[in-house]
Amino acid sequence: MTKGCLFMRRILVTGGAGFLGSHLCRRLLTEGHDVLCVDNFYTGTRNNILPLLSNPHFEVLRHNITEPLKVEVDEIYNLASPASPVHYQNRPVQTTITNVHGSINVLDLAVRLGKVKVFQASTSEVYGDPAIHPQVEDYWGNVNPIGPRACYDEGKRCAETLFFDYWRQYELPIKVARIFNTYGPNMCLNDGRVVSNFIVQALKGEPITIYGDGSQTRSFCYVDDLIEGFIRMMATDRDVTGPINLGNPNEITIKELAQKIIEMTGAKSQLICKSLPADDPKQRKPDITKAKHVLNWAPKVSIEDGLTKTIHYFEKILEM
Ligand code: NAD
Ligand code: UDP
């Protein structure tokens, strides 16, 4: 604690009441920092940050990052953006505005504060439906610019452009992480992403909804591993800008994931197939060579251990 206090900083986390943001706020508080959580509660919830509210080093500001932000902080993590396809497609214009105008507001704030470090939660979606597998950082991607996922994919791509232009034009220290599918406690019951959907369906004994034939792949990272990657990336020297892939390279098909969750929960659920959403990527797996080399980081939590913790979390939530 004493050591933490010596290096204590006031850190802004936009999207701090969301799934990843709430874990990041908790981790930063544990390290002895002051945390300012900014969120408009579009997909984030008060419940996620409830255990943090009694901490005198934690503050919450209800604010939409599409409006300029006037706060004093030493570092910024920009996580504000819906991340689940259901939610980002529900208000697609707002999704693009959040990622583009929101990033501009966050970057302007970082400049005004004397060029403080700013971290961007980018995404594997910048690779779209990738033609290169596994995905390496220098792959430019395959995104449909007019499809239903574009508000998010192109919004995040434009945000990366802005981050790198602020770095070139203002020498702003930036850290761009490309996050691959991450799961864990504090995902909302109605989040809509596959891990929470399957676990909640299994625990309720409802049919498990597989979109398409379930042969598409993803590579799932447990949240604690990811947050460790964030912290390591933020601690790097100025010359480390990213982009750096952060994710677990352990690739599985969606059908295998469903079977695993049924087995682990002991559910009697049937698998039912629904239509595959437009532009749904067929495969996804991060190449994390760069993260290993630059951050000395690799995920440690197995899918079985991560799912066990996540299943326990949803069991408790469903009992409430
Ligand atoms: P989430 O939806 O749980 O959290 C997003 C948070 O941002 C919510 O609290 C939401 O209310 C807030 N928010 C949205 N728009 C806002 C706005 N205009 N102003 C202020 N707050 C706003 O999603 P998450 O999984 O925690 O994702 C966090 C970040 O990480 C997002 O930027 C997302 O794109 C990125 N990311 C996540 C994953 C993943 O697998 N979880 C993968 C790739 C990228
Ligand atoms: N998916 C599914 N059933 C669901 C939710 C998602 O089969 O109830 C599929 C979805 O079509 C995609 C994969 O699971 O192929 C991952 O979806 P998610 O929304 O979690 O993330 P993303 O598509 O953004 O990677």
Side-chain angles (χ1 to χ4, degrees), residues 13-25 37-46 48-49 61-67 69 77-89 91 94-95 97-99 101-103 105-106 119-126 129 149 152-153 155-156 159 177-184 186-188 191-201 206-223 226-227 230 245-248 252-255 257-258 271-284 286:
V13 179
T14 75
F19 160 48
L20 297 181
S22 56
H23 285 271
L24 178 61
C25 289
C37 162
V38 165
D39 206 294
N40 69 349
F41 295 94
Y42 173 47
T43 52
T45 67
R46 227 180 126 74
N48 280 347
I49 49 171
L61 177 65
R62 182 184 282 269
H63 177 85
N64 189 326
I65 62 152
T66 61
E67 299 295 331
L69 194 56
Y77 287 85
N78 185 36
L79 273 64
S81 166
S84 164
V86 179
H87 297 292
Y88 70 64
Q89 291 175 26
R91 289 167 69 199
Q94 186 63 25
T95 298
I97 295 174
T98 293
N99 280 296
H101 288 198
S103 293
N105 287 331
V106 163
F119 175 101
Q120 168 64 355
S122 191
T123 169
S124 53
E125 287 281 332
V126 300
D129 188 7
R149 297 178 86 96
Y152 183 72
D153 299 11
K156 288 284 186 183
R178 290 186 179 153
I179 305 164
F180 285 64
N181 298 66
T182 301
Y183 68 98
N186 291 9
M187 294 184 91
C188 284
D191 180 278
R193 282 175 279 186
V194 68
V195 174
S196 50
N197 271 11
F198 284 3
I199 292 177
V200 173
Q201 289 163 346
E206 293 172 354
I208 306 271
T209 53
I210 297 205
Y211 302 161
D213 63 5
S215 62
Q216 70 271 35
T217 68
R218 295 292 187 272
S219 307
F220 295 99
C221 184
Y222 186 65
V223 61
L226 185 80
I227 299 299
F230 284 14
N245 288 339
L246 292 179
N248 191 323
I252 62 170
T253 68
I254 294 306
K255 195 169 181 185
L257 175 73
L271 301 186
I272 57 163
C273 289
K274 293 197 160 190
S275 54
L276 189 68
D279 300 333
D280 198 283
K282 286 181 272 308
Q283 53 182 1
R284 183 180 292 151

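Whatever order the structure lists ligands and atoms in, that order sets their numbers, starting from 1. We use all heavy atoms of the structure for the numbers below, so side chains are in, but hydrogens, waters and symmetry mates are not.
Distances shorter than 4.0 angstrom do not occur between any heavy atom of Glu125 and any atom of ligand 1. At least one heavy atom of Leu79 sits under 4.0 Å from some atom of ligand 1. The shortest heavy-atom distance from Cys221 to ligand 1 is not under 4.0 Å. Close to ligand 1: Tyr152, with a non-hydrogen atom less than 4.0 angstrom away. Residue contacts with ligand 1 include Ala17, since one of its heavy atoms falls under 4.0 Å from the ligand. At least one heavy atom of Arg193 sits closer than 4.0 Å to an atom of ligand 1.
Among protein heavy atoms, the minimum distance from atom 16 (C) of ligand 1 is reached at Asn40 OD1, 3.3 Å. Remark: minimum distance from atom 26 (O) of ligand 1 to any protein heavy atom is reached at Leu20 N, 2.8 Å. Looking only at protein heavy atoms, the nearest one to atom 38 (C) of ligand 1 is Ile179 CG2, 3.8 Å. In terms of protein heavy atoms, atom 3 (O) of ligand 1 is closest to Phe19 N, 2.9 Å.
Polar contact check, Lys156 against ligand 1: a nitrogen or oxygen pair lies under 3.5 Å apart. The shortest N or O to N or O distance between Thr123 and ligand 1 is not below 3.5 Å. Taking any N or O of Tyr88, backbone or side chain, none lies under 3.5 Å from an N or O belonging to ligand 2.
For atom 24 (O) of ligand 2, the nearest non-hydrogen atom from the set Arg193, Arg149, Met187 belongs to Arg149. With distances taken over non-hydrogen atoms, the option nearest atom 6 (C) of ligand 2 out of Tyr211, Phe220, Tyr152 is Tyr211. Residue nearest to atom 20 (O) of ligand 2, selected from Val194, Asp191, Asp153: Val194 (by heavy-atom distance).
Interface atoms of ligand 2 facing Asp280, defined by a heavy-atom separation under 4.0 Å, are 10 (C), 11 (O), 12 (C), 15 (O). Taking a cut-off of under 4.0 Å to the non-hydrogen atoms of Thr209, the atoms of ligand 2 that pass are 2 (C), 3 (N), 4 (C), 7 (O), 8 (O). Residue-ligand proximity, Ile254 to ligand 2, at heavy-atom distances under 4.0 Å covers atoms 7 (O), 13 (C), 14 (O). Here is the list of ligand 2 atoms found below 4.0 Å of a heavy atom in Glu125: 24 (O).
Within the 4.0 Å heavy-atom criterion, the part of Asn197 lying near ligand 2 is the side chain and not the backbone. With a heavy-atom cut-off of 4.0 Å, Met187 does not touch ligand 1 at all.
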